[in-house]
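From a predicted model like this one, the values you see are computed outputs, not experimental measurements. Counting begins at 1 with the first residue of the sequence.
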Amino acid sequence: MRKFASKVWNWIRENSLIVLYFIFAIGIEMVAVYAVEGDPFMTRPFLSLGLLLFICGILFLFKSNRVRLVIGSILLIGQAIVDLVFSVIFDMTDQYFDFGMLNLKNDAFGILESIPVNFITFYSGLFFCVLYIIYGMRRTYYHKQAKKGKKSFIWHIGVCVSGLAILCGSFAIYFPGNTNKYEDMINGKVESAYSAYGMIGNAIGEFGGAMFYDPGTMPDEEIETFIYGDGSEKYISQPTEYFGVSKGKNVVVILAESLEWFAFMRDARNPNELDISPETLKILYPNLSKFYEQGISMTNFHSREKTDISETLSIMGSYPTDSYINYDYTYNEMPHTMPNLLKELSSEPIQCRSYHNGFKTFYKRMDVHESFGFEFLTDMYDMEDYSNEIEAAGGEEIFYNWMEEGQRNLDSEMIEICKEEMFPTNERFYTYITTITMHGVYYERENLAKHREKLLQYYQPNEDDDDEMILYNYMQTAMEFDAAIGCMMDDLEKKGLLDNTVIALFGDHPAYYQQLSGYVKNIKKYKNTEGNYTDLFKVPFIIYDQDLAKQMRQDNPEFTNKPITVDKFTCTADIMPTLLDLLGIRYYTNLWYGTSAFAEKQSVLYSRAYDIFVSDGIVGRSVNNLLFRDDSVTDEMLETYKATGVELVEKIKHCDYIFLQDYFDGKGKLDLFHQKMHAINP
């Protein structure tokens, strides 16, 4: 036994650089997982272990300790950087890495700008890497070469083969070829990606799954039957009591980047950590306050997506689960978007244009918005050109491109420079506006100085409190957005268009940058909170239409002297069905994930970016396996959620194949859709 132990010890000393690499790589991974999940142990670490064994087998083949040191150091540093990036992304967005992020690298990795790193991951990775390099340099100084031998060579090849076998076997378990992902969406196990596979293991699975995943095909006849059914009414949306209230009106949809209720409100349902009274908030946010008081607010509206997905859901009402529309289906035929529908069904010409106060190349909007049916997308460079033309003609500068100086552009300047195009008086219009001022990171910005000065009159922040300063800076961005709303409302009223326009304003997602939303809502760790953690995803959705408001006040006397609110659970997928309902347009319900906010039926939110299901007080990794259930959720509510969730998965499945196969580009498919839509909207 003593002789055997001596041999083992000598082998460890001889190959200490490889042994330490193996131990340190596991250490870096475990600390990174602990920093994110609060538990360092992974339940299925075999993808990572298989890769590590394979790498160690390769390192064994190099007899030079210097080569082992160089390769081992590079791999450890690379792993530490990758884990750090994944940790920061999770801290910022609560989102695990997926392959599609590579398409979204400008956004997914751009959030790292000016963001404090995850210190646990950073310092542990630095510690392991430095310790390995120091030991390795001392080791190579005294032992440049490892011992050679035929037996050791065969054993090292065995390590490589074993590691590769574990890797391939684990991959087959991670992404088995016969897996029915839609069945997993209904009954899949409740397990977070990093707790199960680790960060590196999850990345391996995502890359491998993207490379080898074969979705197969679905017969056109099956898709057609699912969309149109047997011609009965059960496949067609049923008019609500407010159906057609906004018929023939202009439409404005505003995607308000990172807008939260606490940006301009403070009450029992919407806490705000700054000690500012509701009366003062009305002074600071007069236009948003007016919009809320005169509009119809969906106070139980939830969004759990990245901006591009929220944008598409509000324009089309559906989204594929395996790819990103803006990158993979840019030129698909999409007749079921709002602009394409309005153009097809409107009895008069209608202008459909979109505006983004950033780059039109971001998310490839310049391409996909054309497929959505917009005539063109106006971005910050177009706005800068407009402003320069006005200046050249002797006018004042209206728009300044702050993005060139590393700051966010001002939404009020976007509205001011584009208002004549956005809100024309000579034809009906559908205008889609994506804002940018409230896009994190929340730091002191030069172009918000006037808002900061006004805010300082009412509140003196504690500059030593980092969380408070993040919120304080966010409040200034919301004041700028408030100015943009005022500019829009004033212009519509001046042109006599306000009463003939329906406006939908919604937050695309919580203000997750720098964990702001969790701080304000006191929901930093979901597992430990006593409250309803679905509140983390609750953001504003407000509709402004005076005819709608008048009718709702007549029907509901309790709203005579107070703002109109709808407390039903709603989500981003409900925006388009709600607008179609108000505009008096019936539709085939299986093509849209959501339903009208004024319908009796309640939707279930499926988050494509976060792969979870959300209902009122319920969060599930799959429909039937819950991560969270609030005490207020009754058994009856739970059963309704599950039934609706199963229906939603069936919709998702068929909509996936509509995108994958570009169904509406098939022979006669587009004409059939138009004929069917005209038939139910005579």
List for me each residue that meets side chain to side chain donor-acceptor pair (under 3.5 Å) alongside [X], sequence neighbours excluded, and say none if there are none.
{"X": "Thr435", "answer": "none"}
{"X": "Glu404", "answer": "Tyr381"}
{"X": "Asp411", "answer": "Asn357, Thr437"}
{"X": "Thr280", "answer": "Ser277"}

### Query
Are the ring centres of Tyr474 and Phe262 closer than 6.0 Å?
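Aromatic pair counts; centres sit under 6.0 Å.
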Please answer whether the main-chain N or O of [Y] pairs with a side-chain N or O of [X] as donor and acceptor at a distance below 3.5 Å.
{"X": "Arg408", "Y": "Gly440", "answer": "yes"}
{"X": "Ser303", "Y": "Thr572", "answer": "no"}
{"X": "Asp379", "Y": "Phe359", "answer": "no"}

### Message
What verdict does the side-chain contact (heavy atoms from CB on, under 4.5 Å) test give for Phe301 and Ile575, after you've listed the backbone C-alpha separation in whole Å, the side-chain angles of each residue and the deciding distance to 0.1 Å?
### Response
CA-CA 10 Å; Phe301 175 81; Ile575 294 172; 4.0 Å; yes
### Message
Counting C-beta onward and ignoring hydrogens, is there a side-chain heavy-atom pair between Val623 and Val604 closer than 4.5 Å?
### Response
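SC-SC contact between Val623 and Val604 ruled out.
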Who passes side chain to side chain contact (heavy atoms under 4.5 Å, CB included) against [X], sequence neighbours left out?
{"X": "Pro286", "result": "Asp482"}
{"X": "Ile564", "result": "Ile296, Ala549, Met552, Arg553, Phe559"}
{"X": "Asp275", "result": "Arg266, Tyr459"}
{"X": "Ser603", "result": "Cys571, Asp574, Thr595"}

Can a side-chain donor-acceptor contact be found between [Y] and [X] if the only test is distance below 3.5 angstrom?
{"X": "Glu311", "Y": "Thr434", "result": "yes"}
{"X": "Asn300", "Y": "Asp567", "result": "no"}
{"X": "Tyr443", "Y": "Gln514", "result": "no"}

Residues which pass salt bridge (Lys or Arg N to Asp or Glu O under 4.0 Å) with [X], listed by chain and number, not counting sequence neighbours:
{"X": "Lys360", "value": "Asp382"}
{"X": "Glu468", "value": "none"}
{"X": "Arg445", "value": "none"}
{"X": "Glu260", "value": "Lys521"}

